[in-house]
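Scroll down for the structure; my scribbles are underneath it.
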There are 2 protein chains.
Amino acid sequence: MAPTAPGSAGAVTSSGPTVVVTLDGATHDPTRPLLYADDLAAVRGDGCFETVLVRGGRALKPRAHLDRLARSAAALGLPAPNDAAWWAAVQRAAMLFGERAGEEAEGALRLVYSRGRESDPTGTSYVTVAPVGPRVLTARREGVDAIIVNRGYSVDLAASAPWLLLGAKTLSYAVNMAALRYAESRGAGDVIFTSSEGRVLEGPRSTVLVARGRTLLTPPDDQGILPGTTVAAVLDAAGEKGIATEVAPLFPADLVTADGVWLVSSITLCARVRTLDGHRLPEAPMDADVRALVEHAIATVP
Amino acid sequence: MAPTAPGSAGAVTSSGPTVVVTLDGATHDPTRPLLYADDLAAVRGDGCFETVLVRGGRALKPRAHLDRLARSAAALGLPAPNDAAWWAAVQRAAMLFGERAGEEAEGALRLVYSRGRESDPTGTSYVTVAPVGPRVLTARREGVDAIIVNRGYSVDLAASAPWLLLGAKTLSYAVNMAALRYAESRGAGDVIFTSSEGRVLEGPRSTVLVARGRTLLTPPDDQGILPGTTVAAVLDAAGEKGIATEVAPLFPADLVTADGVWLVSSITLCARVRTLDGHRLPEAPMDADVRALVEHAIATVP
């Protein structure tokens, strides 16, 4: 797949999965089909997922991801995930990836939990691992150019309209992907969503982290954004190292005047925002600190 | 699947597809998997679809559905669908369903067009047909109890925020399904969405049609709703029969005071709304006319 191929905007991998494990522990040939034509994942985007970084044959912060999968499942009215079975499938898939790709290889592990087939809605549950793609490595190293895009929802809807599934990581990601393609069409590589009131929300696949002086800030989850597992781990690690942190509403002006803006996520980890709507953001004095916090956090958080 | 099984809220079929045809014309065993674990339909809801009624081995108003599929694909930045190949696949799938299920059987034919595999985003395109489920037949015959639910978006966003994909029939239907489950949890069977301004939009899988006296009304597409192929055909048919029609913004008060409210769609066709938020709506003097218009429309529209 060429970097400009359709779909590249949202891809965290560039080759197919090398490992496919279903929740019963069975491994599957990744070159053969797995899903039925009427799976509700495919025809309704009706399910939830997680993406987890694999290093050295080990899934990073699996507990945080399984806990979030359970919260997303609850929001969707899906049966509670079988935690022990998911845990085992994740460990097995990560180990197999390490064996096949080498201990140095980074993998993007995906947990997919759909409602099942339309004709048999008893759940479809599987884990894949694919090599981390070059877009991710470039974003980590060089940062990203981002644009601000209206997500269209009020922050109040998170509490008042549970059917909107705000804060759940569902398989219905078409809008997130469309926003990334829109950014690409504007010469940018990523997006920061705002609410209908103009508050900073999140990226389509990341959490926003901002430095103000030596304080790290991120917007509150309760305004309908996905609770970031990596940002949560970073804020914990910052506390341990005596770096001040704050969870507070942010506006675009806060980004432009910040001493550093990062998009933080499980696979890309930490991409500094270099330009926002075409404006070059100032250098980020805490960039090395933030990167070190991320590395510390993902190595230590369960 | 029992009527109360998870997922039943959104199901238009109750058994698996009996016909699966890919765009190359090949037929596939419906009891075997078709999709790869990394298909962007399943992991991102990144694609579009249509559902088409099959009667007597014939797909109804296929032209209208293929035209809408092309519009959805354009909104998603997907390559234009190969119209001739889709046409042929739809005809073939409908014919096979008629042969297998009998000429009297009604089928729900689904066109699925995703961006393809994450590792090979060159498109996944297939057609399935499954028998129409009992929920559909009950809704047609007895009508539905509906509740009004906030869709969270302003009508202005359709024009200003193309990345929100408003008016495109994408595979990311998790919110539509969640709204139907929410209705079920409130003892209702269907939903009418309103915009953040409180305008009537559409159902999660239907278009709203209202009678005011002898005039039939439906809300305008440009407020971010899916242009209904069945309602469009009904309004055309009404014009031919000298029944007045109007496309105009509607508010919940317009529904409560109407002389009939229907949810119109390709599979269920026409379900009269019996109660709205628990209030019994008055009888609909035009109910027989509307049903006759629908039957006339779907039999004659290309």
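Per chain, numbering begins at 1; letters A, B, ... match sequence-line order. Keep in mind that the numbers below use all heavy atoms, side chains included, and drop hydrogens, waters and symmetry copies.
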Side chain, backbone, both or neither of A:Val43 within contact of chain B (heavy atoms, under 4.5 Å): both
Top contributor to chain B contacts, counting heavy-atom pairs under 4.5 Å, from [options]:
options	answer
A:Ala178, A:Gly152, A:Ala42	A:Ala42
A:Thr122, A:Leu164, A:Leu78, A:Asp39	A:Leu164
A:Pro17, A:Gly116, A:Ala179	A:Pro17
A:Val112, A:Leu76, A:Thr124	A:Leu76
A:Leu171, A:Asn176, A:Thr31	A:Leu171

Kindly say whether B:Ala158 contributes a backbone atom to a donor-acceptor pair with the side chain of B:Asp222 at under 3.5 angstrom? no
Looking at every non-hydrogen atom in both residues, tell me the closest pair between [X] and [Y] and how far apart they are.
X	Y	result
B:Thr51	B:Lys169	N-CE, 4.3 Å
A:Glu202	A:Val208	CA-CG2, 3.9 Å
A:Leu165	A:Ala75	CD2-O, 3.4 Å

With only heavy atoms counted, which part of [X] is less than 4.5 Å from chain A, the side chain, the backbone, both or neither?
X	answer
B:Tyr153	both
B:Thr170	side chain
B:Tyr36	both
B:Ser185	neither
B:Asn150	both
B:Thr128	side chain
B:Leu157	side chain

Start with the C-alpha gap between B:Asp38 and A:Arg110, add the side-chain angles, then the distance that decides, and say whether salt bridge (charged side-chain N to carboxylate O under 4.0 Å, His left out) holds. CA-CA 9 Å; B:Asp38 69 335; A:Arg110 185 183 269 137; over 6 Å; no
Could you walk me through whether B:Ser154 and B:Glu197 pass the side chain to side chain donor-acceptor pair (under 3.5 Å) test, one step at a time? CA-CA 6 Å; B:Ser154 163; B:Glu197 301 91 351; 2.4 Å; yes
Among [options], who wins on heavy-atom pairs under 4.5 Å with chain A?
options	result
B:Val20, B:Leu166, B:Val149, B:Asp156	B:Val149
B:Gly47, B:Gly45, B:Ala174, B:Ala161	B:Ala174
B:Tyr126, B:Phe49, B:Trp163	B:Trp163

If you measure from the Lys or Arg side-chain nitrogens to the Asp or Glu carboxylate oxygens, is any gap between B:Arg181 and A:Asp46 under 4.0 Å? yes
With a 4.0 Å cut-off, would you call B:Arg68 and B:Glu50 a salt bridge? yes
Between A:Pro204 and the options A:Val191, A:Ile192, A:Val175, the side-chain contact (heavy atoms from CB on, under 4.5 Å) test singles out A:Val191
For A:Tyr173, is the NZ or CZ atom of B:Arg44 found under 6.0 angstrom from the centre of its six-membered ring and inside 45 degrees of the ring axis? no
